[in-house]
Amino acid sequence: MHYARTGLDLTPQTRQTPAFSKVFAMHAYRTHTCGQLRKEHVGQTVRLSGWVNRRRDHGGLIFIDLRDHYGITQCVIEPDAAAFPACDKVRSEWVITLTGKVVERFAEAVNKDLPTGEVEMRIESIAVQSEAPELPLPVFGDLDYPEETRLKYRFLDLRRERLHRNIVLRSKIIQSLRQRMFAQGFTEYQTPILTASSPEGARDFLVPSRRYPGHFYALPQAPQQFKQLIMVAGFDRYFQIAPCFRDEDGRADRSPGEFYQLDMEMSFVTQQDVFDAIQPVLLGCFEEFAEGRKVYQEVPHITYEDAALLYGTDKPDLRNPITICDVSAVFARDDVAFKAFKGKTVRAIPAPGAASQPRSFFDKLNDWARSEGAAGLGYIQLESDGGKIVGKGPIAKFLSDEAMAALVAQAGVQAGDAVFFSADAKTDRAAKIAGLARTRIGTELKLIEENVFKFCWIVDMPMYEWNEDEKRIDFGHNPFSLPQYDTAAFMNLKADSSLNQDDREKILGIKVFQYDIVCNGYEMLSGAVRNRDPEVMLKAFELAGHGRDFTEAKFGGMLNAFRHGAPPHGGCAVGLERVVMLLAGEENIREVTMFPMNQQGQDLLMNAPTEVLPKQLRELHIRVVQPEKG
RNA sequence: GGGGGCGUAGCUCAGUUGGUUAGAGUGUCGGCCUGUCACGCCGAAGGUCGCGGGUUCGAGCCCCGUCGCUCCCGCCA
């Protein structure tokens with residue numbers, strides 16, 4: 001009996017006619033999903049549709065594991081059944097519809113790993129919906145496959161359990177975030193995708209205008225200006241799951257081209273109000289999907305400056321217990337004869353319990369530091385000698401007993417520990433290498449706390465930073481943030497060619513009400529209380545080397561809005577893929593993105609980017625100039 | 001733009017000092033098998049060793065170039 005095909009031809013009305021048998025009244029494709037059948041269904045005739053996950057041929061007996069979005073059901077057929085020859089032909093990943101009776105399995109044949117494992121279907125008929133050739137990427141099993149293959153056959157990769165699970169998790173997380181935002185009184189609004197190019201920040205994706213030759217739209221790097229305009233427009237508490245576009249190269253935790261943010265903004269708020277609004281949303285979401293992993297509820301506030309010193313980075317991983325300290329003063333002492341560190345910033349990275357590590361441990365770290373461009377990574381091993389702590393290792397002999405005692409006290413180390421040193425004439429270099437070493441040492445010594453999420457706020461970001469290449473002042477982070485500075489004094493700052501060292505230090509020292517949330521070393525969120533005073537904003541850009549005309553031309557819309565009644569406002573944006581990545585336990589953002597591009601910004605499935613027809617270019621007044629090949 | 005790693009069967013990989021006909025697992029195809037769930041057993045087919053050039057009597061292996069992927073640096077207000 002092959003009635004599956006017959007079922008296809010029945011109109012819904014016919015199928016409901018009582019005169020038809022129960023079998024003919026069945027849905028054309030399925031009465032249940034592949035994850036649904038249990039003991040209670042035993043005796044029922046059911047219809048399932050899905051992909052052949054695996055077929056096991058015992059000659060006289062064929063097992064077909066049928067898989068759909070919901071699960072896997074084992075189906076079995078014996079040789080005397082009419083559908084046997086057809087079942088014998090099916091292969092992995094064919095799409096089939098099976099009809100048959102649900103039976104209970106023998107006690108020995110129960111599969112405890114399968115929710116449907118107490119029952120199976122005795123196949124009575126089969127309808128082949130779609131065949132598949134030998135697979136370029138097996139769906140069954142959990143082997144790793146090359147990225148190129150996975151991206152080209154993304155539709156197959158997405159059928160695999162891990163990726164399928166991650167994408168569903170992503171959807172659930174978005175739903176959770178949305179509900180939590182609504183619960184906090186936020187409202188979701190959309191902002192344009194085709195907008196204007198903005199001079200600051202990353203490279204824009206440009207969209208040529210057909211009607212205005214030589215003019216371009218840009219895809220938004222973030223809805224930054226729009227959300228501020230929404231506040232000026234009198235809507236309070238905006239949020240959006242917003243697509244953002246930046247023409248930048250990829251990283252493991254950063255998609256090239258496009259990504260999503262949970263973007264939010266609120267009016268009449270201080271920095272603390274923003275924290276109070278978003279922190280429970282984020283932590284609540286982590287708690288909801290933690291699956292037994294611990295979510296630390298205390299979220300310390302760490303200043304940007306402290307983070308640079310203690311962790312050597314603005315995104316510290318607090319699961320690592322090591323903290324860095326500055327020991328420049330110890331090596332500057334007259335009773336310390338180590339010339340290589342004199343006059344430099346020296347940061348100490350304690351390595352708890354590492355004194356007994358073999359020589360190779362220290363050599364390996366030193367080699368690694370050199371590969372990072374450091375001069376090396378000096379170290380001292382600390383041992384106990386009759387109750388007194390003494391130093392061992394190449395550098396130790398240059399330190400007097402008193403200097404050693406000072407070092408031990410400052411770094412908070414004890415006998416049995418080692419301490420590494422990162423030294424550089426440039427403080428930020430010394431700090432950065434120390435930060436990398438901290439991570440490396442923590443990992444090598446297995447000090448990183450596992451199965452936990454540890455958050456911190458990074459606050460008081462610097463408004464500006466020194467651009468060494470162009471010898472000028474640049475915006476450090478976001479140009480729209482509110483300076484933590486007396487307004488009158490700010491308006492009197494000078495940043496022209498007469499800029500002297502004092503003025504420069506003063507300007508580079510300005511902090512803003514800008515903040516990040518970092519979790520396990522990943523930047524999860526970034527935001528600020530905004531600057532809404534047009535004159536202060538013009539001045540802020542002036543200090544970064546942009547004249548009033550430039551700022552008016554590029555941000556005229558927003559400046560104008562600020563001249564017509566702008567409420568105090570602030571907000572932030574959460575990196576959605578990073579949240580999903582951490583909760584899914586993945587280390588690559590492609591594992592939580594349905595159709596990602598490769599690191600070079602190509603979509604290997606859809607073949608983007610692609611050349612277009614000459615006609616299309618003509619309409620857009622565009623001529624392609626190929627780069628010269630060297 | 002720069003650096004590291006990788007590129008061998010449909011897929012995952014091995015391949016010694018440069019030396020016979022380039023192997024394994026898996027998948028595919030054929031045969032056997034009535035309780036498997038990574039089923040098992042027997043057999044077969046399947047290769048431009050990324051591509052191009054060079055050294056050599058002889059290159060998957062050495063050299064030069066090139067392409068692709070990946071990780072990192074730059075970049076990411």
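Predicted model only: the values in this text are computed from it and were never measured. Each chain gets a letter, A, B and so on, in the order the sequences are listed, and its residues count up from 1.
- Across the strands present, B:rA59 finds no partner; the criterion is a Watson-Crick or G-U wobble pair with both atom distances under 3.5 angstrom.
- With rounding to the nearest 0.5 angstrom, the NZ atom of A:K227 is 4.5 Å from the CD atom of A:E265.
- As rounded to whole Å, 18 Å separates atom P of B:rC75 from atom CG of A:D204.
- No more than 12 heavy atoms of other residues, nucleotides or ligands lie within 6.0 Å of CD in A:E587, so this atom counts as exposed by the packing criterion.
- At least one side-chain heavy atom of A:P609 sits under 4.5 Å from a side-chain heavy atom of A:Q602.
- By the 30° and 60° cut-offs, the orientation of the rings of A:F541 relative to A:H546 is tilted.
- Taking only side-chain atoms of A:F140, from C-beta outward, the nucleotide of B:rC72, B:rA38, B:rU34 with the closest atom is B:rA38.
- In this structure, of B:rC76, B:rC69, B:rU36, it is B:rC76 that holds the atom nearest to the side chain of A:R254.
- Judged by distance alone, with hydrogens and angles left aside, A:R122 brings a side-chain donor or acceptor within reach of the base of B:rG35, the pair sitting under 3.5 Å.
- Donor-acceptor pairing under 3.5 Å, judged by distance alone, is absent between the side chain of A:E148 and the base of B:rU70.
- Considering only side-chain atoms of A:Q599, the nucleotide from B:rG35, B:rC75, B:rU70 that sits closest is B:rU70.
- Within the 4.0 Å cut-off from OP1 or OP2 of B:rG68, not a single side-chain nitrogen or oxygen of A:Q602 is found.
- OP1 or OP2 of B:rG27 lies within a sub-4.0 Å distance of a side-chain N or O belonging to A:R54.
- Other residues, nucleotides and ligands place more than 12 heavy atoms under 6.0 Å from the CZ atom of A:R472.
- As judged by a 4.0 angstrom heavy-atom cut-off over every strand, A:P479 is placed among the base-contacting residues.
- Straight-line distance from the CZ atom of A:F63 to the C1' atom of B:rA38: 15 Å, rounded to whole Å.
- Protein atom NE2 of A:H58 is 7 Å distant from nucleotide atom P of B:rC37, rounded to whole Å.
- Among the nucleotides B:rC69, B:rC37, B:rC76, the one closest to any side-chain atom of A:A202 is B:rC76.
- Summarising the geometry, the separation between NZ on A:K152 and P on B:rG68 is reported as 15 Å, rounded to the nearest angstrom.
- Between A:L604 atom CG and B:rC69 atom C1' the separation is 9 Å, expressed in whole Å.
- Considering only residues two or more places apart in sequence or on other chains, A:Q224 meets the side chain to side chain donor-acceptor pair (under 3.5 Å) condition with A:Q228.
- Using a 4.0 Å heavy-atom criterion, one finds that A:N588 contacts the sugar-phosphate atoms exclusively.
- Taking side-chain N and O atoms only, A:R105 has no distance below 4.0 Å to OP1 or OP2 of B:rC37.
- For the pair A:N467 CG and B:rG74 C1', the interatomic distance rounds to 13 Å; values are reported in whole Å.
- Of the candidate nucleotides B:rC76, B:rC71, B:rU36, B:rC76 has the atom lying nearest to any side-chain atom of A:R246.
- Among B:rC71, B:rU70, B:rG27, the nucleotide with an atom closest to any side-chain atom of A:E134 is B:rG27.
- In the set B:rU34, B:rC75, B:rC71, B:rU34 carries the atom at the smallest distance from any side-chain atom of A:P79.
- The partner of B:rG52 is B:rC64, by the rule that a Watson-Crick or G-U pair needs both atom distances under 3.5 Å.
- Candidate nucleotides B:rC76, B:rC69, B:rC11 were compared by shortest atom distance to the side chain of A:Q600, and B:rC69 ranks first.
- Between A:F480 and A:F555, the ring-plane angle classifies as perpendicular under the 30° and 60° cut-offs.
- Under the Watson-Crick or G-U wobble criterion, with both distances below 3.5 Å, B:rG43 is paired with B:rC29.
- The phosphate of B:rC39 has OP1 or OP2 within less than 4.0 Å of a side-chain N or O from A:R56.
- Inter-residue side-chain proximity for A:Q599 and A:P256 is flagged as unmet; no heavy-atom pair is nearer than 4.5 Å.
- Separation of the P atoms belonging to B:rG7 and B:rG60 is 15 Å when rounded to the nearest angstrom.
- The existence of a salt bridge linking A:E577 and A:R590 is excluded, since no basic side-chain nitrogen approaches an acidic carboxylate oxygen closer than 4.0 Å.
- Atom CD of A:E118 is separated from atom P of B:rG35 by 22 Å (rounded to the nearest Å).
- Ranking B:rC71, B:rG35, B:rC11 by closeness to the A:P138 side chain, first place goes to B:rC11.
- The phosphate of B:rC37 (OP1 or OP2) has no side-chain N or O of A:N53 nearer than 4.0 angstrom.
- Taking the P atoms as reference points, B:rC33 lies 32 Å from B:rG23, given to the whole Å.
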Check the interface with nucleotides 29-32 of chain B: list each N/O to N/O pair with the protein under 3.5 Å, or write none.
residue	atom	partner	partner atom	Å
B:rC29	OP1	A:R91	NE	3.0
B:rC29	OP2	A:R91	NE	2.9
B:rC29	OP2	A:R91	NH2	3.4

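- When Watson-Crick and G-U wobble pairs are counted only if both distances are under 3.5 Å, B:rG1 pairs with B:rC73.
- Side-chain contact between A:D57 and A:D88: present, with at least one pair of heavy atoms (C-beta onward) separated by less than 4.5 Å.
- If you measure from atom CG of A:L114 to atom C1' of B:rA38, you get 14 Å, rounded to the nearest angstrom.
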